[in-house]
Amino acid sequence: MINQKRKHTNLIKTEAKRLGFLSCGISKAQFLEKEAPRLEKWLNKNRHGQMQYMENHFDKRLDPTKLVEDSKSVISLLLNYYPSEFQKDAAAPKISKYAYGTDYHFVIKDKLKSLLHFIQDEIGDVHGRAFVDSAPVLDKAWAAKSGLGWIGKNSNLLTQQVGSFYFIAELIIDLELEYDATTTNHCGTCTACIDACPTEAIVEPYVVDGSKCISYFTIELKENIPPDFRGKFDNWMFGCDVCQDVCPWNRFSKAHNEPLFNPHPELLSMKKKDWEEITHDVFKKVFKDSAVKRTKFSGLKRNINFLKE
Ligand code: B12
Ligand code: SF4
Ligand code: SF4
C-alpha cells in the first residue's frame with residue numbers, strides 16, 4: 001500500500017514537471033486550523049474591502065473536504081511567470097508582470113485538466129476538481145503546507161530558489177498520496193517589502209490590508225479610486241509588483257518558458273504617451289486574451305487618468 005502511494009505520488013510529480021509546472025507538493029485534505037482565526041480576523045477588519053467574494057463560503061475555504069466530496073489530497077502546483085523582457089519606457093505607467101501575456105486562468109486550467117486526465121488514465125477511477133484562483137481555496141496556505149515555499153512578510157509564497165513570481169493552482173482529489181513537509185521561513189529580520197509598499201498596505205508582517213493595496217484599487221475596485229491615494233501609486237496602472245521586486249529572494253527569479261505568457265509584441269514598447277492616448281481598438285489588440293481585459297478598457301483608462309491627476 002505504501003509503495004503504491006509512493007508510486008502514484010512520483011507519477012503525478014513527474015507528469016506535473018513535464019507539463020511545465022515549476023514544482024508540485026501534496027498535503028492531506030483537511031481543515032486549516034491555523035489559518036481559520038487569521039482569515040476570520042482579516043475579514044472582520046474588512047481587509048477585503050469590496051471583494052465581497054472573500055466573505056462567501058467561509059467553511060469551504062478552510063476545509064477542502066467540504067468543497068470536494070470525499071477528497072483526500074490537495075496537490076499544489078506553481079507556474080512561473082517571471083518574464084525575460086520588461087516595459088522599455090521607464091516613464092510609462094506600469095503593468096504587473098503577471099499580466100503581460102495570456103490570462104493565467106486559461107493557461108493553467110488546461111494544464112490542470114491534462115494532469116487530472118493523466119491521473120485518471122494511469123491510476124484509475126480518481127475523482128477531483130481543478131482550481132486556479134477560481135474557488136474558495138487558500139492557495140498560498142496549501143502551497144506552504146506542501147513545502148513549496150514559505151509565506152513571506154508581504155504575504156506571498158516565496159522560495160529561496162526562484163523567489164515569488166509564480167501562480168499557484170491545485171487539484172483536489174479523492175486519492176491518498178504521500179504528503180510533503182513544510183519548509184522553513186527565510187524572511188529573517190528583513191522588512192524590505194513593508195518599507196517599500198507605496199500605500200502602507202502591509203499593515204503588519206504577513207498581513208496585507210487588501211483594501212489599501214494598489215492591486216486592489218487598479219483591478220478589483222469597480223468605483224472611483226479614493227482621492228487620498230493620489231500620488232501614492234508609484235505609476236502602477238494594473239497591479240503592483242513593488243513588494244516582490246524589492247524582495248531579496250527575487251534576485252533568483254528565472255525567466256519562464258511558457259510561450260503563452262509572452263506579451264503582445266507592442267506592449268513592452270508602448271511609451272507613456274501611447275498609454276495616455278490608448279484607444280479601445282489598441283486595448284483590444286494588445287490585451288487580447290489577457291487578464292487585463294477583466295478590468296475593461298474603462299477600468300484601465302480610469303487607472304491611467306488617476307496617475308495623471
Ligand atoms: C484576495 C486576493 C488578493 C487581494 C488581497 C491580497 C491578500 N494578501 O490576501 C489583492 C487584490 C490585494 C491581491 C493582490 C495581489 N495578488 Co492576489 N489573491 C487573492 C486571492 C484570490 C485570495 C487571497 C486570500 O485568501 N486572502 C485572504 C487572507 C486572509 O489571506 P492571506 O493574506 O493569504 O493571509 C494569510 C497570511 O496573512 C497568514 N498570516 C497571517 N498572520 C500571520 C502570522 C504569521 C506569523 C504567519 C507565518 C502567517 C500569517 O495567514 C493568512 C491565512 O493563510 C488569491 C487566490 C486564492 N484563491 O488564494 C490571490 C493570490 C494570493 N494573489 C496572487 C498575486 C500574484 C497577487 C499580486 C502579486 C498581483 C499583483 N502583482 O498585483 C498582489 C500581491 C499583493 C500582496 N502583497 O498580497 C497570487 C500569489 C502567488 C504567490 N506567489 O504567493 C495568488 C495565490 C493567486 C494565484 N492563484 O496565483 N490579491
Ligand atoms: S502589491 Fe504593492 S500596494 Fe500591494 S502590498 Fe505589495 S507593495 Fe503594497
Ligand atoms: S522582502 Fe524581506 S521580509 Fe519581505 S517577503 Fe521578502 S524576504 Fe520576507
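Atoms within a ligand are numbered from 1 in the order they appear, just like the ligands themselves. Basis for what follows: all heavy atoms, side chains included, without hydrogens, waters or symmetry-related copies. Everything numeric in this text was worked out from a predicted model, so none of it was measured.
- Shown in contact with Cys247 at under 4.0 Å from a heavy atom are these atoms of ligand 3, numbered in order with element: 1 (S), 6 (Fe), 7 (S).
- Summary of contacts: the protein heavy atom closest to atom 2 (Fe) of ligand 2 is Cys240 SG, 2.3 Å.
- Residue Tyr53 places no N or O, backbone or side chain, under 3.5 Å from any N or O of ligand 1.
- Residue contact check for ligand 1: Arg61 places no non-hydrogen atom closer than 4.0 Å to it.
- Summary of contacts: the protein heavy atom closest to atom 7 (S) of ligand 2 is Cys243 N, 3.3 Å.
- Every atom of ligand 1 is numbered from 1 in the order shown, and the set under 4.0 Å from a heavy atom of Ser96 is 70 (C), 71 (N).
- The protein non-hydrogen atom at the shortest distance from atom 65 (C) of ligand 1 is Tyr81 OH, 4.1 Å.
- Partner of Ser164 under the side chain to side chain donor-acceptor pair (under 3.5 Å) criterion, out of Asn154, Asn156, Thr159, Asn250: Asn250 alone.
- Within a 4.0 Å radius of atom 79 (C) of ligand 1, the protein contributes no non-hydrogen atoms.
- Nearest non-hydrogen protein atom to atom 26 (N) of ligand 1 is Met54 CE, 3.7 Å.
- When only non-hydrogen protein atoms are considered, atom 8 (Fe) of ligand 2 lies nearest to Cys197 SG, 2.3 Å.
- The shell of residues lying under 4.0 angstrom from ligand 1, judged by heavy atoms, includes Asn154.
- The distance from ligand 1 to the heavy atoms of Glu35 drops below 4.0 Å at these ligand atoms: 52 (C), 53 (O).
- Of the listed options Trp236, Tyr206, Tyr216, Trp42, Tyr206 places a heavy atom closest to atom 37 (O) of ligand 1.
- Checking Cys243, Cys240, Ser164 against atom 83 (N) of ligand 1, the nearest heavy atom belongs to Ser164.
- Within ligand 1, counting atoms from 1 as listed, the ones closer than 4.0 Å to a heavy atom of Leu39 are 29 (C).
- Which parts of ligand 1 touch Ser215 is read off a 4.0 Å heavy-atom cut-off, strictly below it: atoms 14 (C), 15 (C), 69 (C), 70 (C), 72 (O), 73 (C).
- Which of Thr218, Asp139, Leu43 comes nearest to atom 58 (O) of ligand 1 through a heavy atom is settled by distance: it is Asp139.
- Close contacts between ligand 1 and Val137 involve ligand atoms 56 (C), 57 (N), 58 (O) [criterion: under 4.0 Å to a heavy atom].
- Atoms of ligand 1 lying under 4.0 Å from at least one heavy atom of Phe167, given by number and element, are 90 (O).
- Using a distance-only test at 3.5 Å, with no hydrogens or angles considered, no donor-acceptor pair links the side chain of Glu15 to the main chain of Phe118.
- Of all the heavy atoms of Ile214, the ones lying under 4.0 Å from any atom of ligand 2 are found in both the backbone and the side chain.
- Judged by the 6.0 Å distance and 45° axis criteria, Lys232 is positioned over the aromatic ring of Phe229.
- With Tyr81 as the fixed residue, the ring-ring contact (aromatic ring centres under 6.0 Å, His included) test singles out one of Tyr100, Phe167, Tyr166, Phe261: Phe167.
- Listed by number with element, the atoms of ligand 3 under 4.0 Å from a non-hydrogen atom of Trp249 are 7 (S).
- Under a 4.0 Å criterion applied to the non-hydrogen atoms of Gly239, ligand 1 contributes the atoms 72 (O).
- Cys213 SG, 2.3 Å is the protein heavy atom nearest to atom 4 (Fe) of ligand 2.
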